[in-house]
Amino acid sequence: MLLNKLLVASSPDGVRLAARIVEVEAYRGSDDAGSHAYRGMTPRTEVMFGPPGHLYVYFTYGMHWCANVVAAPGRAGDAAAVLLRAAAPVDGIELMRERRVKARRDRDLLAGPARLCQAFGITGVDNGSDLGRGPLRIVDDGVAPPPTPATSTRIGLAAGRGDDHPWRFFVPGDPNLSR
DNA sequence: GGTGTGATCGTA
DNA sequence: ACGATCACACCA
């Protein structure tokens, strides 16, 4: 359960960035038509088939990066990942504002998978990085997950492409959720 | 608050 | 040809 865990990054200039994860989506593999891994492993999705706890980063719409945490698949040889969709700023808000000039208010800094990557400086060079060892980490600082996480269908999927699975999970009422 | 549209390019 | 999106314009 990633909800309410802390995403932490130390930028090159030593600034600590931290944000509390408030919205995620689960993606599976061969049984999930909405997943990049649906049609098996490709160069792009290789990391998704690898060890859990690593970062799967992909490029989409010709301009955006999005980041997933690789998870343990239901069956060996299959794939699973959790897309980081939104987070609440905790530390390093100044740097986040510099990287997200278009954000009108602070709750827009991390409210969306590509926005989150922009604020944290996550790009393709981070693909495959180990979240337990690298400059990007996910930390449990003792804040419990919401007792009853809210759920919905996943966002941005075409009809019939797994869009009916209720695999979006979020902290109910959090102001930093994606649109 | 909501809806609609263009941007921009790697992937299959 | 299309996408696990965003920003902006416009309407309410």
Side-chain angles (χ1 to χ4, degrees), chain A residues 1-3 5 7 19 21-50 52-74 78-89 95-129 131 136 138 149-179:
Chain A
M1 168 64 69
L2 285 172
L3 289 181
K5 297 269 189 304
L7 176 64
I21 298 166
V22 297
E23 178 184 342
V24 298
E25 278 175 1
Y27 286 84
R28 315 214 298 197
S30 55
D31 64 346
D32 180 3
S35 171
H36 291 166
Y38 183 52
R39 296 171 198 284
M41 191 170 66
T42 67
R44 176 174 68 153
T45 60
E46 182 183 345
V47 172
M48 233 184 120
F49 289 82
H54 289 237
L55 204 61
Y56 165 50
V57 183
Y58 68 90
F59 186 65
T60 192
Y61 290 100
M63 60 193 107
H64 299 302
W65 296 101
C66 297
N68 300 251
V69 178
V70 176
D78 214 328
V82 178
L83 174 67
L84 302 178
R85 283 201 58 92
L95 179 54
M96 295 180 191
R97 290 187 186 124
E98 288 174 25
R99 288 172 164 173
R100 295 264 311 116
V101 183
K102 307 247 179 104
R104 289 183 170 268
R105 38 200 191 292
D106 284 350
R107 71 199 228 205
D108 292 331
L109 289 172
L110 305 169
R115 290 167 167 182
L116 185 154
C117 282
Q118 199 180 339
F120 269 81
I122 297 173
T123 70
V125 307
D126 300 300
N127 189 38
S129 73
L131 287 165
L136 283 162
I138 288 184
T151 66
S152 80
T153 55
R154 297 176 293 183
I155 296 182
L157 297 184
R161 289 293 196 157
D163 62 318
D164 48 347
H165 294 305
W167 291 345
R168 171 174 176 251
F169 303 89
F170 54 100
V171 177
D174 192 282
N176 301 278
L177 297 175
S178 68
R179 299 264 76 198

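In what follows, chains are A, B, ... by sequence order, proteins preceding strands, each numbered from 1.
G34(A) comes within 4.0 angstrom of a nucleotide base, judged by non-hydrogen atoms across all strands. Within 4.0 Å of R161(A), counting heavy atoms only, lies no atom of the nucleic acid at all. Across all strands shown, R154(A) has no heavy atoms under 4.0 Å from either base or sugar-phosphate atoms.
By the stacking rule of 5.5 Å between ring centres and under 30° between planes, Y58(A) does not stack on the base of dA4(C).
Shown here, dG1(B) forms a base pair with dC11(C); the pair counts as Watson-Crick or G-U wobble because both key distances fall under 3.5 Å. Pairing for dC9(B) goes to dG3(C), judged as Watson-Crick or G-U wobble with the two contacts each under 3.5 Å.
Regarding R107(A), its CZ atom lies at a distance of 11 Å from the C1' atom of dG1(B), rounded to whole Å. We find that CG of N127(A) is positioned 10 Å from P of dT11(B), with the value rounded to whole Å. What separates CG of L109(A) from P of dA7(C) is a distance of 10 Å, to the nearest Å. Remark: P of dT11(B) and OH of Y38(A) are 21 Å apart, rounded to the nearest angstrom. Here the P atom of nucleotide dA7(C) and the CZ atom of R105(A) are 11 Å apart, to the nearest Å. Remark: C1' of dA4(C) and CZ of F59(A) are 14 Å apart, rounded to the nearest angstrom. Note: CD (E23(A)) to P (dT5(C)) measures 10 Å, nearest angstrom. Atom pair R39(A):CZ and dG10(B):P shows a separation of 21 Å (rounding to whole Å applied).
Judged by distance alone, with hydrogens and angles left aside, the side-chain atoms of R154(A) form a donor-acceptor pair with the main-chain N or O of G162(A) at under 3.5 Å. Of the possible donor and acceptor atoms, one in the side chain of R115(A) sits under 3.5 Å from a partner among the backbone N and O of A111(A). Proximity of a side-chain donor or acceptor of N68(A) to a complementary backbone N or O of Y56(A) within less than 3.5 Å is detected. Although no hydrogens or angles enter the test, the distance criterion places a donor-acceptor pair under 3.5 Å between the side chain of E25(A) and the main chain of I155(A).
Of the candidate nucleotides dT5(C), dG2(B), dA7(B), dA7(B) has the atom nearest to the side chain of M63(A). Proximity note for A114(A) (side chain, C-beta onward) versus dT5(C), dA4(C), dG3(C): the nearest is dT5(C). Among the nucleotides dG3(C), dA7(C), dA12(B), the one closest to any side-chain atom of R44(A) is dA12(B). Side chain of R179(A), nearest nucleotide from dG3(C), dC6(C), dG2(B): dG2(B). Looking at the side chain of Y61(A), the nearest of the listed nucleotides dA4(C), dG3(C), dC9(B) is dG3(C). The side chain of P43(A) approaches dA12(B) more closely than any other nucleotide in the set dA7(C), dA12(B), dG3(C). Closest contact between the side chain of T42(A) and the listed nucleotides dG2(B), dA7(C), dA12(B) involves dA12(B). Comparing atom distances between the H64(A) side chain and each of dA4(C), dG2(B), dT5(C) picks out dT5(C) as nearest.
Between R85(A) and dT5(C) there is a side-chain polar atom (N or O) within less than 4.0 angstrom of OP1 or OP2. Listed pair R104(A) / dC6(C) fails the phosphate criterion, with no side-chain N or O lying under 4.0 Å from OP1 or OP2.
Using a 3.5 Å distance cut-off with no hydrogens or angles, the side chains of S152(A) and R168(A) do pair a donor with an acceptor.
Comparing A103(A) and N68(A), the nucleotide of DNA chain C nearest to each residue sits closer to the 5' end for N68(A). Nearer the 5' end of DNA chain C, as judged by each residue's closest nucleotide, is the contact made by R28(A), out of R28(A) and K102(A).
With respect to the salt-bridge test (charged N to carboxylate O, under 4.0 angstrom), the residues D108(A) and K102(A) do not qualify.
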